[in-house]
Student: 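The structure's right below; bear with me while I get my questions together.
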There are 4 protein chains.
Amino acid sequence: MQQKEGEYMIILDYKDARPIYEQIVEKFKLLILKGILQKDEQMPSVRSLAVELAINPNTIQKAYMELERQGYIYTVKGRGNFVAENENLLDERREELKMRMFILYKEGKELGMTKADFIDCLRGFEE
Amino acid sequence: MQQKEGEYMIILDYKDARPIYEQIVEKFKLLILKGILQKDEQMPSVRSLAVELAINPNTIQKAYMELERQGYIYTVKGRGNFVAENENLLDERREELKMRMFILYKEGKELGMTKADFIDCLRGFEE
Amino acid sequence: MQQKEGEYMIILDYKDARPIYEQIVEKFKLLILKGILQKDEQMPSVRSLAVELAINPNTIQKAYMELERQGYIYTVKGRGNFVAENENLLDERREELKMRMFILYKEGKELGMTKADFIDCLRGFEE
Amino acid sequence: MQQKEGEYMIILDYKDARPIYEQIVEKFKLLILKGILQKDEQMPSVRSLAVELAINPNTIQKAYMELERQGYIYTVKGRGNFVAENENLLDERREELKMRMFILYKEGKELGMTKADFIDCLRGFEE
DNA sequence: GTGGTCTAGACCACA
DNA sequence: GTGGTCTAGACCACA
């Protein structure tokens with residue numbers, strides 16, 4: 001069997017509690033941020049992806065709307081969806097992640113952990 | 001009007017995306033872990049808390065069920081709900097938090113962050 | 001026939017080229033900005049409004065999602081949709097309108113109109 | 001390579017929400033109203049413009065139909081499209097623009113703005 | 001009862 | 001072919 005060009009593995013996890021459209025959003029965000037999908041590259045069409053994943057086109061629609069809202073793609077009616085500029089997005093994502101780490105840090109302090117405990121924990125992670 | 005004993009401010013945030021019962025679970029977990037609610041102390045009754053928070057008793061019921069499932073409280077039929085032993089719980093929570101930090105760490109690596117970036121970020125947090 | 005309480009006339013115009021959900025969004029934005037719907041007041045439920053307007057609940061859903069995205073309402077799962085704080089919204093709308101007037105102004109200059117022409121035109125409008 | 005005569009920069013913005021044919025109509029309307037394209041001058045052929053803009057000839061066709069409908073150009077079968085008389089068009093456009101300003105004005109009044117607010121706003125624009 | 005998600009499928013404008 | 005809107009209706013979690 002041939003590996004079709006542009007087949008970048010979106011795999012759905014039906015055991016995941018999150019809605020399907022959210023999983024799709026998440027997968028594409030990573031593909032875009034990692035540069036696997038590049039600026040102005042065309043996204044798979046709503047219909048073709050729906051067929052490929054064996055789900056309803058409306059669900060893809062919803063995912064793409066969310067991706068557009070978050071600035072990851074832009075839509076050209078009658079033409080398709082395309083990857084947006086993503087330089088700033090990477091920075092935004094890193095900032096967001098730091099915010100989430102700060103929330104975790106505050107939670108940890110509520111549980112009596114010190115900053116040193118956190119750094120030790122981090123050091124213990126695989127490189 | 002009297003200030004009732006055991007009034008420890010559970011404040012709901014309706015603008016929070018999380019379900020209400022989850023917020024209640026979270027609040028009580030902290031109250032218990034921080035020792036504000038102590039071993040074998042009685043929890044407010046489902047009904048009284050429902051009135052106090054102006055929400056459906058089913059919601060409190062669901063929160064208490066979840067707290068019991070996670071080992072934070074125990075139920076005595078006909079008597080009420082009581083705070084469980086919480087020595088191990090604190091450790092469990094810390095472990096859980098470390099797991100969540102590990103997930104964050106892996107996400108960050110996907111975005112090109114290094115371990116050093118994380119440690120720098122942590123160092124920047126208020127003591 | 002009785003005028004039911006809370007019946008605030010959302011009338012759809014099927015001849016309008018804009019999609020129905022957009023019309024609904026627009027109507028509610030005005031009701032909120034004008035203070036007819038007040039902070040924390042409950043919006044009609046997705047289903048009841050769908051029945052009242054004789055359209056599909058999904059369409060209301062979409063309208064409410066958009067209103068939430070724009071900060072006009074907030075959603076509490078299982079409880080309903082509620083009007084958000086709207087102090088800032090009024091200012092934002094006015095700013096947006098000024099921007100649109102600026103675009104119009106630039107268009108007019110392309111057509112050879114002067115600032116005085118514009119002011120004269122404005123003066124001619126009913127008070 | 002030669003610089004072809006009649007190359008007057010139609011630039012499409014794919015991120016613009018409006019359909020492409022509408023953008024083309026708009027661009028040509030301005031070129032005609034400003035006199036860059038003059039009475040009886042020949043418009044670029046549907047095919048050549050389609051090639052130049054790398055879009056579907058149907059789209060150009062649709063734009064030209066719309067321009068003809070609005071009286072900006074006329075078609076001679078077998079010969080091509082030509083710029084129409086445009087004296088009246090300029091006035092029509094100005095009238096249309098005043099109408100749009102009136103709509104804006106009414107919207108502003110709904111938001112509590114007065115005529116004086118509008119005039120102040122206008123005065124603030126660059127000359 | 002309330003909103004959230006999803007399906008199956010229709011019809012439309014635009015390219 | 002491509003996305004956008006809408007319907008009719010199902011099933012779910014939450015209150």
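Computed from a prediction, not measured in an experiment: that's the story for all the values here.
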Student: With nearest nucleotides of DNA chain F determined for B:I55 and C:A54 from heavy-atom distances, which residue corresponds to the more 5′ nucleotide?
Tutor: C:A54
Student: Would you say the base of E:dG3 and the side-chain of C:R79 have a donor-acceptor pair closer than 3.5 Å?
Tutor: no
Student: Watson-Crick or G-U wobble partner for F:dT7, using a 3.5 Å limit on both distances?
Tutor: E:dA8
Student: What nucleic acid atoms does D:N58 come within less than 4.0 Å of, heavy atoms only: base, sugar-phosphate, or nothing?
Tutor: nothing
Student: Rounded to the nearest angstrom, tell me the gap between atom CZ in C:R18 and atom C1' in E:dA13.
Tutor: 17 Å
Student: Quick one: on DNA chain E, does C:Q61 or A:Y14 contact a more 5' nucleotide (nearest heavy atom)?
Tutor: C:Q61
Student: By nearest heavy atom, map C:K77 and A:G78 onto DNA chain E; which one lands nearer the 5' end?
Tutor: C:K77
Student: Determine whether a donor-acceptor pair (one donor, one acceptor, N or O, separation below 3.5 Å) exists between the side chain of C:R47 and the base of E:dG1.
Tutor: no
Student: Are A:S45 and F:dG1 close enough that a side-chain N or O sits under 4.0 Å from OP1 or OP2?
Tutor: no
Student: Send over the distance from C:I60 CD1 to F:dT5 C1', rounded to a whole Å.
Tutor: 14 Å
Student: Is B:Y21 touching bases, backbone alone, or none of the nucleic acid, heavy atoms closer than 4.0 Å?
Tutor: sugar-phosphate
Student: Whole angstroms only, please: what is the OH-P distance between C:Y74 and E:dT2?
Tutor: 16 Å
Student: Are A:T59 and E:dT5 close enough that a side-chain N or O sits under 4.0 Å from OP1 or OP2?
Tutor: no
Student: Without decimals, in angstroms, what is the distance between C:L12 CG and F:dT5 P?
Tutor: 15 Å
Student: Is B:D13 salt-bridged to B:K15, cutoff N-O under 4.0 Å?
Tutor: no
Student: Once you measure the plane-to-plane angle for A:Y74 and A:F82, does it fall in the parallel (<30°), tilted (30-60°) or perpendicular (>60°) bin?
Tutor: parallel
Student: Hey, are C:E87 and C:K39 close enough for a salt bridge, meaning a charged N less than 4.0 Å from a carboxylate O?
Tutor: no
Student: Rounded to the Å, how far apart are C:I24 CD1 and F:dC6 C1'?
Tutor: 11 Å
Student: If I take atom CD1 in residue C:I73 and atom P in nucleotide E:dT2, what distance separates them, rounded to the nearest angstrom?
Tutor: 15 Å
Student: Kindly say whether D:I11 contributes a backbone atom to a donor-acceptor pair with the side chain of D:K27 at under 3.5 angstrom?
Tutor: yes
Student: How long is the line joining CE of C:M65 and C1' of E:dT2, in whole Å?
Tutor: 17 Å
Student: For the backbone of D:N81 and the side chain of D:Q42, can you confirm whether one donor and one acceptor N or O come within less than 3.5 Å of each other?
Tutor: no
Student: Which whole-number value in Å describes the distance from C:N81 CG to E:dG1 C1'?
Tutor: 13 Å
Student: Less than 4.0 angstrom between a side-chain N/O of D:K62 and OP1 or OP2 of E:dA15, yes or no?
Tutor: no
Student: Closest-nucleotide mapping onto DNA chain F: is C:I20 or B:E22 further toward the 5' terminus? I mean the 5' end.
Tutor: C:I20
